[in-house]
Enquirer: 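Below you'll find the structure I mean.
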Amino acid sequence: NAGVTQTPKFRVLKTGQSMTLLCAQDMNHEYMYWYRQDPGMGLRLIHYSVGEGTTAKGEVPDGYNVSRLKKQNFLLGLESAAPSQTSVYFCASKWIASTDTQYFGPGTRLTVL
Amino acid sequence: KQEVTQIPAALSVPEGENLVLNCSFTDSAIYNLQWFRQDPGKGLTSLLLIQSSQREQTSGRLNASLDKSSGRSTLYIAASQPGDSATYLCAVSPITGGGNKLTFGTGTQLKVEL
């Protein structure tokens with residue numbers, strides 16, 4: 001099992017450009033999450049999904065969109081990148097039970113110039 | 001709104017020392033608490049999960065406790081080793097609804113020196 005994978009690992013964008021981050025999991029998990037991690041601020045939830053075809057807003061959703069067309073994939077889109085979106089982005093997935101742990105991907109380091 | 005705080009932000013100890021990392025949260029009602037480890041440039045790995053109805057969990061040299069009445073959790077690491085050097089994050093999640101979203105603390109960066 002590859003677990004949770006993220007593509008790409010690194011990316012540099014110019015302000016105003018768009019891009020999509022891909023998260024894939026092969027554990028048949030129902031729930032998937034996108035977080036961003038910034039120095040001194042911990043991980044903050046951007047969007048999440050509780051099943052194929054569903055999405056919901058997290059703590060910091062502005063400037064991002066998501067889609068979960070297939071159960072194993074969760075896409076995070078930036079329509080018009082801003083320097084404030086420079087961050088490390090982590091994807092995670094888990095089963096349904098509250099006691100199931102989240103499994104994290106290795107992260108994507110995004111720099112917006 | 002749930003807030004999670006971790007103290008200290010950084011800690012340096014000699015190898016072999018026993019140590020305690022602290023985590024506090026503002027809303028203790030019906031939450032599970034997890035401790036994660038993050039190595040530099042890597043994702044998070046779950047260490048221990050304490051269910052809302054439990055008081056502690058143990059795994060090897062790690063022991064985590066949960067005191068809901070005071071809104072605190074501690075992670076005890078026995079006989080620390082250089083391989084324990086990492087950032088340790090605690091997070092709380094509701095047991096029902098909302099996709100069991102995690103609210104994270106800012107972490108404690110641990111360095112174990114030879």
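In the text below, chain A, chain B and the rest are named by the order of the sequence lines, each starting its count at 1.
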Enquirer: What do you reckon, is CE of A/M41 surrounded by more than 12 foreign heavy atoms closer than 6.0 Å?
Expert: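 For A/M41, atom CE is not crowded (no more than 12 foreign heavy atoms under 6.0 Å).
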Enquirer: Side chain from CB out, backbone as N, CA, C, O: work out which of these in A/L43 comes under 4.5 Å of a heavy atom of chain B, or both, or neither.
Expert: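 When you check distances to chain B, atoms from both the backbone and side chain of A/L43 fall under 4.5 Å.
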Enquirer: Linking I/L/V/M/F/W/Y whenever any side-chain heavy atoms sit under 4.5 Å apart, do B/L21 and B/F25 land together?
Expert: yes
Enquirer: Could you list each N or O donor-acceptor pair linking chain B to chain A at a distance under 3.5 Å?
Expert:
| unit_1 | atom_1 | unit_2 | atom_2 | d |
| --- | --- | --- | --- | --- |
| B/N32 | ND2 | A/S98 | O | 3.3 |
| B/Q34 | NE2 | A/T101 | OG1 | 2.7 |
| B/Q38 | OE1 | A/Q37 | NE2 | 3.0 |
| B/Q38 | NE2 | A/Q37 | OE1 | 3.0 |
| B/S46 | OG | A/T101 | OG1 | 3.1 |
| B/G99 | O | A/Y33 | OH | 2.4 |
| B/N100 | OD1 | A/K94 | NZ | 3.1 |

Enquirer: Same cluster for B/V13 and B/L75 if Ile/Leu/Val/Met/Phe/Trp/Tyr side chains link at under 4.5 Å?
Expert: yes
Enquirer: Grouping I, L, V, M, F, W and Y whenever their side-chain heavy atoms are under 4.5 Å apart, do A/V50 and A/M32 come out in a common cluster?
Expert: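 No: no chain of side-chain contacts under 4.5 Å links A/V50 to A/M32.
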Enquirer: Are B/L33 and B/L47 in one and the same hydrophobic cluster, where Ile, Leu, Val, Met, Phe, Trp and Tyr link if side-chain heavy atoms are under 4.5 Å apart?
Expert: yes
Enquirer: Report whether B/L89 and B/L102 are members of the same hydrophobic cluster (ILVMFWY, side-chain heavy atoms less than 4.5 Å apart, transitive linking).
Expert: yes
Enquirer: Do you know which of B/I95, B/I50, B/L44, B/V4 has the most heavy-atom pairs with chain A at a distance under 4.5 angstrom?
Expert: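 That would be B/L44.
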Enquirer: Is it the backbone or the side chain of A/A97 that comes under 4.5 Å from a heavy atom of chain B, or both, or neither?
Expert: backbone
